[in-house]
Amino acid sequence: MLNQLLTNSIERIVRRAKNPNFRFDPNLTSSMLLSLIADQCVSRLRAFKLIFRGRLVKGLQLGNRVELKNFSRIELGSGIKLENGVVLDGLGSGKLSLDDNCSIGAYSRLVISTSYSDLGKFIKFGKNVGLGEFSYIGGAGGVSIGSGCIIGQYLSIHPENHNFDSLDMPIRHQGVTRLGVKIEENVWIGAKVTITDGVRIGKGSIVAAGAVISKGIFPENSIIGGVPAKIIRSRKPTL
């Protein structure tokens, strides 16, 4: 009876906050449920340490060894989950912003800039974005990810390219170009995808696991895959 009460209560909370269709799997055991509750409580208690940095974020969950660098340039909505080892670095001319109910997988890094001499632009997530573990997103040319995107592990986004025209000068001294990367809402990106500068992916699109997208503007509802990536086909409405 107690297990069912807890299950029903948590389901109602999740439905209101994130997913109106959420239900626990019927094979979930009492010990699994209690472990979930314990983990949630501990991660929420960790979030209270932000009080000492002058801020308390509603519903924030922090894993172990989470780093928030250049914190004044980081904006967090409510219900954010940052799993173990996540690094957010807001060093940039713009901000690193995560809207409500975003989840950042363990050991992922969101870093606007690595250079103090040429600050990057921004990283912006819409609502309900889920990013898989071990991902890296740089913000040099600006990265925007729309609401409702689901993203597998090991995503890599690099919104900057090095110039290399001169054969007489080291590449690292030839400067960079920055066009930015934009991913619209409701995009599903599989595991181990790499996206480089100048790419635009339209809403409702799907990117196959392992794809390398080095250029291009992809329309809505594209199914994209390959190395280099191209449109395989388009999603069609069901009758």
Item checked: Same cluster (ILVMFWY, side-chain, under 4.5 Å), I206 and I201 -> no
Notebook entry, point to check: Between atom CG of D39 and atom CD of E83, what is the distance when rounded to the nearest 0.5 Å?
Noted result: 10.0 Å
Notebook entry, point to check: For the residue pair I213 and A229, what are the closest heavy atoms and their distance?
Noted result: CG1-CB, 3.6 Å
Checklist line | Verdict with reasoning, F122 to K95, per side chain to side chain contact (heavy atoms under 4.5 Å, CB included) | finding: CA-CA 5 Å; F122 65 89; K95 292 189 175 184; 5.9 Å; no
Margin query: Looking at every heavy atom in both C102 and G126, which two are closest together, and how far apart are they?
Written below: SG-O, 3.0 Å
Check: Should L179 and I157 be regarded as members of a common hydrophobic cluster, given that ILVMFWY residues are connected when their side-chain heavy atoms come within less than 4.5 Å of each other, either directly or indirectly?
Finding: no
Check: Would I150 and L131 show up in the same hydrophobic cluster when neighbours are defined by side-chain heavy atoms closer than 4.5 Å?
Finding: no
Check: If two hydrophobic side chains count as joined below 4.5 Å and joins carry through other members, does I74 share a cluster with I145?
Finding: yes
Notebook entry, point to check: Mind checking whether F24 and F22 have ring centres under 6.0 Å apart?
Noted result: yes
Margin query: For S222, give me all partners under side-chain contact (heavy atoms from CB on, under 4.5 Å), at least two apart in sequence or on another chain.
Written below: S205, F218, P219, I224, I231
Next item on the list: Check E133 against S108 and note the closest heavy-atom contact, atom names and distance.
Entry: C-OG, 3.7 Å
Notebook entry, point to check: Do you reckon M32 sits in the same ILVMFWY cluster as L36, going by side-chain contacts under 4.5 Å, direct or chained?
Noted result: yes
Notebook entry, point to check: Taking atom CD1 of I223 and atom CZ of R233, what is their separation to the nearest 0.5 Å?
Noted result: 3.5 Å
Notebook entry, point to check: So, K127 and D99, do they make that salt bridge, N to O below 4.0 Å?
Noted result: yes
Next item on the list: Taking all heavy atoms of A211 and all of G225, pick out the closest pair and write down the distance.
Entry: CB-CA, 4.1 Å
Note to self: Quick one, D89 with L96, criterion side chain to side chain contact (heavy atoms under 4.5 Å, CB included). Give me CA distance, side-chain angles, the key distance, then yes/no.
What the structure shows: CA-CA 8 Å; D89 192 340; L96 194 166; 5.6 Å; no
Check: With respect to I195, which candidate in I137, I183, V212, V143 satisfies the side-chain contact (heavy atoms from CB on, under 4.5 Å) definition?
Finding: I183
Margin query: Evaluate L119 against I112 for side chain to side chain contact (heavy atoms under 4.5 Å, CB included), listing each step before the verdict.
Written below: CA-CA 8 Å; L119 293 180; I112 297 180; over 6 Å; no
Check: Which heavy-atom pair separates D197 from T177 by the least distance, and what is that distance?
Finding: OD2-O, 3.4 Å
Margin query: Looking at E184 and E220, would you say the former's side chain and the latter's main chain have a donor-acceptor pair under 3.5 Å?
Written below: no
Check: Residues two or more places apart in sequence or in another chain: which of them pass side-chain contact (heavy atoms from CB on, under 4.5 Å) with V176?
Finding: D118, E160, H162, R178
Next item on the list: Answer yes or no: is there a donor N or O on one side and an acceptor on the other, between the side chain of R73 and the main chain of S93, under 3.5 Å?
Entry: yes
Notebook entry, point to check: Can you name the nearest heavy-atom pair linking V129 to G148, along with the distance?
Noted result: CG2-N, 4.3 Å
Margin query: For S78, is there any backbone N or O sitting under 3.5 Å from a side-chain donor or acceptor partner on D100?
Written below: yes
Notebook entry, point to check: Are the side chains of Q40 and K81 in touch, meaning some heavy atoms are under 4.5 Å apart?
Noted result: yes
Notebook entry, point to check: Going through the checks in order, is the side chain to side chain contact (heavy atoms under 4.5 Å, CB included) test met by R65 and Y107?
Noted result: CA-CA 9 Å; R65 302 179 302 280; Y107 307 105; 3.1 Å; yes
